[in-house]
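Beneath this line is the structure, given in structure tokens, with notes to follow.
Keep in mind that this is a model prediction, so the values were computed, not measured. Below, all heavy atoms of this structure are taken into account, side chains as well, without hydrogens, waters or symmetry copies.
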Amino acid sequence: MRSLSKPLPGVLFAAALLATAAGCGSIAPRPAATDAASVLVTPPADWRVHDGQRIRIAAPLVVSGNHRLARNGEVVVAFDGRLYAPTEVATPGVDAKALAAGNRRRSLVLALGETAQVAPADWRAGGIVDGVEGTLRVGEHGPRLEVAALPALRPAPRPAPPPRAGELRLASLNLENLFNGDGAGGGFPTARGARTPGEYLAQQARLVAALDALDADIVAVLEVENDGYDARSSLAQLVAALDPGGARWRFVDAGEGPGSDPIRVGLLYRADRVRPMGAPATRAEGPFATLSRAPLAQAFRAGDGPAFVVVANHFKSKGCRDASAGDADQGDGQSCWNATRRASGAQLRDWLAGDPTGSGSTLVAVLGDLNAYAMEEPVRDFIAAGWQDAFAASGRAPASPAYTYVYDAQAGRLDHALLSPALAARLLSASAWHSNADEADNAAEQAINGGEQAVKPWRSSDHDPVVVDLRLRTP
């Protein structure tokens with residue numbers, strides 16, 4: 001199950017785009033000749049004025065959404081920079097609504113048609129498009145520019161993995177429903193993941209490439225099939241593929257679960273770099289019984305350093321099915337199930353305060369997909385309780401907002417690294433590796449079909465991995 005419900009068919013931002021008149025666009029005088037293009041340099045206040053016209057955009061546009069590229073040759077572009085999820089950068093409510101309106105006004109869909117088959121990897125989000133020209137169509141889903149020829153594109157380069165900056169690296173990665181059937185080559189299609197053995201093996205190969213490139217010591221993994229811990233389980237087979245000789249990688253065995261959800265969280269670790277201390281701990285009560293996935297906590301030690309605790313988490317998604325009362329969409333930008341995500345965070349903090357691993361350590365890292373952007377209440381509740389956002393605490397904030405996920409053509413950070421105050425004092429750096437969220441779905445399709453992506457990390461998931469470097473090997 002994806003962390004967010006899928007967009008409605010067609011162009012993003014739906015009918016709300018038609019109603020948005022905030023801001024003033026500028027346009028050159030309309031030429032007298034009917035076959036000449038009108039020239040836009042900023043987004044108009046009302047796109048409907050230009051419906052049916054031939055339009056040339058004399059301004060750079062940023063690729064913000066490409067997840068419909070493979071299916072219908074469409075990408076979402078934006079004037080004046082990339083689109084970010086409103087509650088990634090603005091508080092829920094009035095501020096987030098204003099930013100959402102601005103996003104709608106700046107957005108335009110390019111219908112590339114057959115040109116979309118040209119170098120799909122070039123259409124990574126963040127790329128720049130110049131000299132766009134085509135016929136504008138404005139329908140119930142907003143403005144759509146049907147281009148006749150491939151516009152000039154300055155592709156966003158694929159980034160290298162973040163270099164290690166400390167003694168120990170933690171990471172988290174949503175595996176996007178890693179299901180292996182019956183574990184013996186059968187059982188396909190699976191309930192939530194691969195439809196065929198070939199799809200599963202291609203998915204596993206991309207994930208192995210990604211995990212290997214991260215060079216982490218401990219990885220919190222999410223959305224892995226909840227099918228036990230024996231050799232036929234999805235988790236065990238992932239580790240076996242990652243480390244065929246079995247000399248380095250291990251997984252934390254919780255005995256069962258954690259939890260009863262079809263997907264679960266897990267912890268992988270490098271046995272040649274860290275060692276687990278005591279038994280793992282899980283919690284399957286309250287919101288973790290049926291909604292948020294049960295967390296998994298394990299204490300570790302690296303070298304002669306102090307004991308520390310890593311907790312893998314995956315809170316309830318924003319999809320609105322069955323949401324009611326306080327969990328219904330409150331219209332503030334946080335979508336559905338926000339009350340459950342807040343309750344999950346509160347119970348998680350209370351549980352951790354009781355030292356469930358028995359390690360006695362105050363060095364705790366909460367990693368994973370909280371399904372909440374940085375300015376939403378489930379994350380801000382942690383900050384208010386004294387926890388620190390690793391991205392902010394590292395002192396190396398990026399020039400633009402951090403993100404790990406792109407939904408509805410808007411980037412934001414659903415995946416977090418929240419540190420106890422004592423652990424934050426040992427933080428050296430935190431970053432996201434943009435190996436997945438910016439990639440077009442074409443990359444995944446190529447991998448399924450045995451293309452060159454099958455042995456590379458690009459689009460191994462729909463979420464970007466998060467990495468955190470710390471000083472934890474020395475006392």
Could you tell me whether a side-chain N or O of His50 sits under 3.5 Å from a main-chain N or O of Leu40, the two making a donor and an acceptor?
no
Heavy-atom side-chain contact between Val309 and Leu363 under 4.5 Å
no
Can you see whether Tyr405 engages Glu88 through a side-chain donor-acceptor pair at a distance of less than 3.5 angstrom?
no
Polar contact flag, side-chain donor to acceptor under 3.5 angstrom, Gln237-Gln204
no
Evaluation steps, side chain to side chain contact (heavy atoms under 4.5 Å, CB included), between Phe315 and Leu348
CA-CA 11 Å; Phe315 288 3; Leu348 179 66; 4.2 Å; yes
Would you kindly say whether Gln330 and Asp332 are connected by a side-chain donor-acceptor distance under 3.5 Å?
no
Whether the side chain of Trp433 engages the backbone of Asp464 through a donor-acceptor N/O pair (distance < 3.5 Å, no angle test) should be reported.
no
Do Tyr84 and Arg413 pair up side chain to side chain, a donor and an acceptor below 3.5 Å, judged on atom types alone?
no
Does any non-hydrogen side-chain atom of Val265 lie less than 4.5 Å from one of Pro258?
yes
Can you find a heavy atom in the side chain of Phe391 that is under 4.5 Å from one in the side chain of Leu418?
no
Distance only, no hydrogens: is a donor on one side chain within 3.5 Å (strictly under) of an acceptor on the other, for Asp469 and Ser429?
yes
Give a yes-or-no answer on whether the side chains of Glu146 and Thr135 include a donor-acceptor pair shorter than 3.5 Å.
no
Heavy atoms of Asn66 and Ala125 approach each other most closely as ND2-N, 3.3 Å
Side-chain touch Cys336/Lys318, heavy atoms, less than 4.5 angstrom
no
Would you verify whether the NZ or CZ of Arg426 falls within 45 degrees of the ring axis of Phe308 while also being under 6.0 Å from that six-membered ring's centre?
no
For the salt bridge (Lys or Arg N to Asp or Glu O under 4.0 Å) test, which of Arg82, Arg158, Arg459 pairs with Asp438?
Arg82
Does Tyr373 have Arg341 sitting over its ring (NZ/CZ under 6.0 Å from centre, angle to axis within 45°)?
no
Drop me the distance from Leu222's CG to Asn313's CG, to the nearest 0.5 angstrom.
8.0 Å
Can you name the nearest heavy-atom pair linking Ala339 to Gly326, along with the distance?
CB-O, 3.7 Å
Does the distance from a Lys or Arg side-chain N to an Asp or Glu carboxylate O, for Arg342 and Asp381, drop under 4.0 Å?
yes
Nearest-0.5 Å distance that lies between atom CZ in Phe300 and atom CG in Leu267:
5.5 Å
Side chains of Val466 and Leu367, heavy atoms from C-beta outward: is any pair under 4.5 Å?
no
State the CG-CG distance between Leu235 and Leu178, to the nearest 0.5 angstrom.
8.5 Å
Please examine the side chains of Leu175 and His463, heavy atoms only from C-beta on, and report whether any two atoms are closer than 4.5 Å.
no
Can you check whether Gly360's main-chain N or O pairs, donor with acceptor, with Asp355's side chain at less than 3.5 Å?
yes
Got a sec, which residues hit side chain to side chain donor-acceptor pair (under 3.5 Å) with Thr91, two or more places apart in sequence or on another chain?
Asp95
Hey, what do you get for OG (Ser394) to CG (Asp389), rounding to the nearest 0.5 Å?
8.5 Å
Have Thr340 and Asp327 got a donor and an acceptor in their side chains that come within less than 3.5 Å?
yes
Please give me the minimum heavy-atom distance between Gly278 and Gln298, naming the atom from each residue.
O-NE2, 3.2 Å
Partner of Leu153 by side chain to side chain contact (heavy atoms under 4.5 Å, CB included), out of Val75, Asp122, Ile128
Asp122
Any side-chain heavy atom of Trp337 sitting closer than 4.5 Å to one from Asp322?
yes
Going by atom types only, do Asn174 and Asp369 share a side-chain donor-acceptor pair under 3.5 Å?
yes
Close side-chain approach of Arg192 and Ile263, heavy atoms under 4.5 Å:
yes
Examine the side chains of Ser260 and Asn226 and answer whether a donor and an acceptor come within less than 3.5 Å of each other.
no
Shortest non-hydrogen separation from Leu214 to Ala171 and the atoms involved:
CD1-CB, 4.3 Å
Between Leu268 and Ile218, does the side chain to side chain contact (heavy atoms under 4.5 Å, CB included) criterion hold? Intermediate values first, please.
CA-CA 6 Å; Leu268 313 182; Ile218 302 169; over 6 Å; no
Does either side chain, that of Glu376 or that of Asn338, offer a donor lying less than 3.5 Å from an acceptor on the other one?
no
Here's a test for you: under side chain to side chain contact (heavy atoms under 4.5 Å, CB included), which of Leu423, Leu428, Asp217 qualifies with Leu470?
Leu423
Give me the atom names and distance for the closest heavy-atom approach of Ser234 to Glu225.
OG-OE1, 2.9 Å
CH2 on Trp458 to CZ on Arg206, rounded to 0.5 Å
13.5 Å
Assess whether a salt bridge exists between Arg264 and Glu223, defined as any Lys/Arg side-chain N lying under 4.0 Å from an Asp/Glu carboxylate O.
no
Hey, what's the ring geometry for His434 with Tyr403, parallel, tilted or perpendicular (30° and 60° as the breaks)?
parallel
Any carboxylate oxygen within less than 4.0 angstrom of a Lys/Arg side-chain nitrogen, looking at Asp46 and Arg48?
yes
Could you check, using the six-membered ring where one of them is a Trp, whether Tyr407 and His67 have ring centers closer than 6.0 angstrom?
no
Return the CG to OG distance between Leu370 and Ser292, rounded to the nearest 0.5 Å.
9.0 Å
Indicate the atoms forming the closest heavy-atom contact of Gln347 with Pro287, along with that distance.
NE2-CD, 3.2 Å
